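Worksheet: one structure, shown below.
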Amino acid sequence: MSGQIIGMHDWLATPPGQYLLAWERAQIAHAVSDVFGFHALQLGLPEIDALEANRMPHRWLATQSEAELKTSPRVAFVTEFFALPFPANSLDLVVLPHTLELTADPHGALREVERVLVPEGRVVICGLNPVSLWGFRQRRARWLGKSSLFLPPEGEFIGYLRLRDWLRLLNMEIEDGHFGCYLPALSSQAWLQRFGWMDKAGGRWWPILGAAYFLSAVKRVPSMTLLNPLRKSAIRLTGTPVSVANSAGYTRATGQIDLQDKRSESTL
């Protein structure tokens with residue numbers, strides 16, 4: 001960026017931000033399209049409709065920001081990511097697009113995700129790779145004390161290997177993990193297109209140096225026999241106070257929400 005610091009939402013509208021979003025949308029859509037169940041949740045980043053390709057009947061987008069609640073009609077409610085208003089073992093899928101980077105307590109948020117996931121439930125995560133050309137340019141700008149950074153100043157990088165260790169400690173088994181977005185840290189669309197060949201070469205010659213990574217994991221519960229009833233009983237959100245949001249296309253959320261698990265209900 002030239003001469004100014006911009007936030008994550010504004011940065012995602014820039015050419016490199018759109019390039020990143022396009023790659024992440026493709027990875028997430030492929031990962032969630034065949035995940036089955038009843039309840040799915042996306043935490044943060046309304047710019048990505050991470051649950052669009054999923055067919056679960058109940059899907060929500062939660063945010064930590066009142067501003068996002070007002071500007072995005074898809075946001076269902078506002079909550080702290082380390083204190084989700086769902087009972088334990090109640091969600092089949094949780095998607096975290098840069099969520100851990102942008103929350104004040106990434107450890108707490110990940111522990112909370114593990115708590116609300118059902119056994120064999122899945123978590124899908126996207127993040128920025130500190131070991132990349134983008135990460136190097138960001139660190140260099142900070143070392144030199146420059147006011148203009150390539151990436152937004154919000155949040156902190158969480159390395160891919162570090163995140164895998166966190167998941168393993170929570171008995172989350174890694175199913176898939178890979179890198180993408182190998183173009184240099186350039187702000188111009190024309191220059192990004194000139195280096196388009198690096199996306200094909202990067203996956204082969206320097207795979208761990210992609211600007212972003214994608215990771216999916218499954219919650220494992222040792223020595224547990226899983227049953228697959230035809231009909232699950234209704235679950236109720238805990239009494240954690242949340243803000244009621246726009247209901248267009250998504251279920252309205254309040255402090256107490258009944259989640260009816262009927263296959264006949266329409267997909268949101």
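If you're wondering where the values come from, they're calculated on a predicted model, not measured in any experiment.
- Residue Trp191 qualifies as open at atom CH2: its count of foreign heavy atoms under 6.0 Å is 12 or below.
- Note on residues 174-184: pairs passing salt bridge (Lys or Arg N to Asp or Glu O under 4.0 Å), not counting sequence neighbours, are Arg122-Glu175.
- Thr14 is not listed as a side-chain neighbour of Ser187, based on a closest heavy-atom distance of 4.5 Å or more.
- Each of Leu41, Val123, Leu102 was evaluated against Leu96; a single residue qualifies, Val123, per the side chain to side chain contact (heavy atoms under 4.5 Å, CB included) test.
- Contact between Ala40 and Met56 at its shortest, heavy atoms only, is CB-SD, 3.7 Å.
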Review item, side-chain donor-acceptor pairs of residues 105-113, under 3.5 Å, at least two apart:
unit_1, atom_1, unit_2, atom_2, d
Asp105, OD1, Gly108, N, 2.9
Glu112, OE1, Arg115, NE, 3.0
Glu112, OE2, Leu84, N, 2.8
Glu112, OE2, Arg115, NE, 3.3
Glu112, OE2, Arg115, NH2, 2.8

Acceptor/donor pairs from residues 207-214 side chains to any protein atom, 3.5 angstrom cut, sequence neighbours excluded:
unit_1, atom_1, unit_2, atom_2, d
Tyr213, OH, Ile158, O, 2.6

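- Side chains of Val95 and Leu51 form a contact here, defined as non-hydrogen atoms less than 4.5 Å apart.
- Closest approach of Leu117 and Val94 over heavy atoms only: CD2-CG2, 3.8 Å.
- What you find for Pro15 and Ser188 is that their closest heavy atoms are CB-C, 4.4 Å.
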Under 3.5 Å, side-chain donor or acceptor atoms of residues 197-205 against the rest of the protein: list the pairs with distances, not counting sequence neighbours.
unit_1, atom_1, unit_2, atom_2, d
Asp199, OD1, Tyr19, OH, 2.8
Asp199, OD1, Tyr182, N, 3.0
Asp199, OD2, Tyr19, OH, 3.0

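- In this structure, the ring of Trp134 has its center less than 6.0 angstrom from the ring center of Phe150.
- The two residues Ile48 and Gln42 come nearest to each other via the heavy atoms O-NE2, 2.8 Å.
- Ionic pairing of Glu173 and Lys219 is not present here: no N-O contact between side-chain nitrogen and carboxylate oxygen is shorter than 4.0 angstrom.
- No salt bridge links Arg162 with Asp165; every basic N to acidic carboxylate O contact stays at or beyond 4.0 Å.
- Take Trp23 and apply the ring pair (Phe, Tyr, Trp, His ring centres under 6.0 Å) test, not counting sequence neighbours, and it matches no residue.
- Using a 4.5 Å heavy-atom cutoff, the side chains of Phe179 and Ser132 are not in contact.
- Each of Val124, Asp49, Val35 was scored for a side chain to side chain contact (heavy atoms under 4.5 Å, CB included) with Asn54, with one residue passing: Val35.
- Evaluation of the salt bridge (Lys or Arg N to Asp or Glu O under 4.0 Å) test over residues 16-39, restricted to residues two or more places apart or in two chains, returns Asp34-Arg55.
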